[in-house]
Amino acid sequence: MEFMDSISEITRLLRAARSLLGLSQEEFAGLAGVSRQIIARMERGEDDIVAESIQRVRSALEEQRIVFIPSEKGRGPGVAERRPAKMT
């Protein structure tokens with residue numbers, strides 16, 4: 001997330017990404033190394049979250065094969081699950 005979008009868009013992306021992975025807030029907090037309360041606050045769109053926590057969450061999502069898609073003209077930002085590389 002290059003902060004090209006509003007905080008509310010970014011927090012919706014985080015929730016969508018966690019949902020794609022099928023993880024509870026508690027499970028995801030463990031993967032990201034933050035508290036469940038931090039995940040809940042991010043998903044509510046609270047704006048007093050420290051940048052380090054946001055980066056931890058982003059890194060944890062990317063390690064789980066989540067790709068962040070920047071917004072373009074006529075379309076907001078999104079998330080997708082990267083498929084594993086095909087073995088040849």
What are the two closest non-hydrogen atoms of R18 and L61, and how far apart are they? N-CD2, 4.2 Å
Please report the shortest heavy-atom distance between S71 and P77, naming the atom on each side. CB-N, 3.5 Å
Return the set of residues passing side chain to side chain donor-acceptor pair (under 3.5 Å) with [X] (not counting sequence neighbours), or none when no residue passes.
X   : value
S59 : Q55
R83 : none
R41 : E46, D48
E72 : R75

Within this structure, what is the CZ-CG distance for the pair R58 and L14, rounded to the nearest 0.5 Å? 10.0 Å
All salt bridge (charged side-chain N to carboxylate O under 4.0 Å, His left out) counterparts of E52, not counting sequence neighbours: R56
Pairing residues for L20 by the side chain to side chain contact (heavy atoms under 4.5 Å, CB included) criterion, not counting sequence neighbours: I66, V79
Applying side chain to side chain contact (heavy atoms under 4.5 Å, CB included) to S35 and not counting sequence neighbours gives Q37, I38
Decide side chain to side chain contact (heavy atoms under 4.5 Å, CB included) for E81 and V67; before the verdict, give the C-alpha distance in whole Å, the side-chain angles of both, and the deciding distance to 0.1 Å. CA-CA 6 Å; E81 190 172 8; V67 177; over 6 Å; no
Show me the side-chain donor-acceptor pairs of residues 24-33 shorter than 3.5 Å, one per line, residues at least two apart or across chains.
unit_1: S24; atom_1: OG; unit_2: E26; atom_2: N; d: 3.4
unit_1: S24; atom_1: OG; unit_2: E27; atom_2: N; d: 3.0
unit_1: S24; atom_1: OG; unit_2: E27; atom_2: OE1; d: 3.3
unit_1: Q25; atom_1: OE1; unit_2: R36; atom_2: NH1; d: 3.0
unit_1: Q25; atom_1: NE2; unit_2: E43; atom_2: OE1; d: 2.9
unit_1: E27; atom_1: OE1; unit_2: S24; atom_2: N; d: 2.7

